[in-house]
Amino acid sequence: EELDTLEPRFTLLYAPSLRANPAVDGTRSETVILCDLEREVGVIGGGDVSPDRLLPDLIASHQRGQRPQLRYPSAVRPWQHVLDCLNGYLTIVDALLAGEGTGAWNIGPGRESFVDVATVADLVQKLTGSPVGWELASGEHPHEAGLLALDAGHAERELGWKNRLS
């Protein structure tokens, strides 16, 4: 119901064909994120082209009729709606522009969003209607944290920020 009365103040544009040239622009990828706080507009470009992305890789495997390979099925990952994250960043910007708020800030989901990789893989299989499940990837793999999490308590206490959509 909060969203019914929401009046957006910030325009966010998605331009997947707008890409950085790492060799020319000094970036590590083709992804572009531009923000103009004065005009209240942002642009995101470059698309999701990095390797090892859980959801795109799961969906692509099922579309090919192949079993997705999971390196760490018991690893726990937090999930957050992108608009909750953006709202958190803009809440911090508002506070800083008003001369309020101090310290470092984390914007992240709470423990209720934690889901292990195997559960996500099972859900994607169910949603895609794929007859094949996932399997444990063989071989050596780079180290990955068993739990990824941020403590957003400072933003919650000092700014009253919280996730609304996650």
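Residues take their numbers from the sequence shown, with the count starting at 1.
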Inset, instruction - For residues Trp79 and Ser113, report the shortest heavy-atom separation together with the two atoms involved. - result: O-CB, 3.1 Å
Legend entry - Donor-acceptor contact present, side-chain Glu144 to main-chain Tyr72, <3.5 Å: no
Legend entry - Test side chain to side chain contact (heavy atoms under 4.5 Å, CB included) applied to Arg67 and Trp134, step by step: CA-CA 5 Å; Arg67 289 178 179 270; Trp134 59 269; 5.9 Å; no
Inset, instruction - Could you tell me the separation between the CD atom of Glu40 and the OG1 atom of Thr11, rounded to the nearest 0.5 Å? - result: 8.0 Å
Legend entry - Interatomic distance, Thr31 atom OG1 to Ile44 atom CD1 [nearest 0.5 angstrom]: 9.5 Å
Inset, instruction - Check whether Leu18 and Val41 end up in the same hydrophobic cluster, where Ile, Leu, Val, Met, Phe, Trp and Tyr are linked by side-chain heavy atoms less than 4.5 Å apart. - result: yes
Inset, instruction - Looking only at non-hydrogen atoms, find the nearest pair between Cys85 and Gln80 and report the distance. - result: CB-OE1, 3.8 Å
Legend entry - Exercise: do Thr91 and Asp94 side chains pair donor with acceptor under 3.5 Å: no
Inset, instruction - Evaluate the criterion side-chain hydrogen bond (donor to acceptor under 3.5 Å, both in side chains) for residue pair Glu30 and Asn21; output intermediate values, then yes/no. - result: CA-CA 6 Å; Glu30 294 181 336; Asn21 180 337; over 6 Å; no
Inset, instruction - Taking the side chain as every heavy atom from C-beta outward, state whether Val120 and Leu58 have any atom pair closer than 4.5 Å. - result: yes
Inset, instruction - Quick one: do Thr119 and Asp122 satisfy side-chain hydrogen bond (donor to acceptor under 3.5 Å, both in side chains)? Show the steps, please. - result: CA-CA 5 Å; Thr119 300; Asp122 292 342; 5.4 Å; no
Inset, instruction - Could you tell me the separation between the OG atom of Ser61 and the CD atom of Gln125, rounded to the nearest 0.5 Å? - result: 11.5 Å
Legend entry - Gap between atom CG of Leu96 and atom CG of Leu159 - 0.5 Å precision: 8.0 Å
Inset, instruction - Group every Ile, Leu, Val, Met, Phe, Trp and Tyr by side-chain heavy-atom contacts under 4.5 Å, then state whether Val132 and Leu70 land in the same group. - result: no
Inset, instruction - Spell out, yes or no, whether Tyr89 and Leu34 are grouped together once hydrophobic residues are joined by side-chain heavy atoms under 4.5 Å, including indirect joins. - result: no
Legend entry - Shortest non-hydrogen contact from Pro73 toward Leu136: CD-CD1, 3.6 Å
Inset, instruction - Indicate yes or no for a side-chain donor-acceptor contact from Asn163 to the backbone of Leu165 under 3.5 Å, with no hydrogens or angles considered. - result: no
Inset, instruction - Using modelled atom types only, decide if a donor and an acceptor are shared between the side chain of Arg164 and the backbone of Lys162 within a distance under 3.5 Å. - result: yes
Legend entry - Nearest heavy atoms of Ala149 and Phe114, plus distance in Å: CB-CZ, 3.6 Å
Inset, instruction - To the nearest 0.5 Å, tell me how far Arg111 CZ sits from Leu147 CG. - result: 6.5 Å
Inset, instruction - Is it possible for you to say whether Val117 and Val76 belong to one hydrophobic cluster, with membership spreading through side-chain heavy-atom contacts below 4.5 Å? - result: no
Inset, instruction - Apply salt bridge (charged side-chain N to carboxylate O under 4.0 Å, His left out) to the pair Arg71 and Glu140, showing each step before the final yes or no. - result: CA-CA 9 Å; Arg71 293 184 309 269; Glu140 296 283 321; over 6 Å; no
Inset, instruction - Kindly indicate, with the supporting measurements, whether the criterion side chain to side chain contact (heavy atoms under 4.5 Å, CB included) is fulfilled by Asn87 and Leu90. - result: CA-CA 5 Å; Asn87 173 266; Leu90 293 176; 5.9 Å; no
Inset, instruction - Over all heavy atoms of both residues, which pair between His62 and Ser130 is shortest? Give the atoms and the distance, please. - result: ND1-OG, 2.7 Å
Legend entry - Chi angles and distances behind the side chain to side chain contact (heavy atoms under 4.5 Å, CB included) call for Leu55, Val124: CA-CA 8 Å; Leu55 288 175; Val124 170; 3.7 Å; yes
Inset, instruction - Find out if a path of hydrophobic residues (ILVMFWY) with successive side-chain heavy-atom gaps under 4.5 Å connects Ile59 to Leu54. - result: yes
Legend entry - Heavy-atom closest pair, residues Ile107 and Ala155: CD1-CB, 3.9 Å
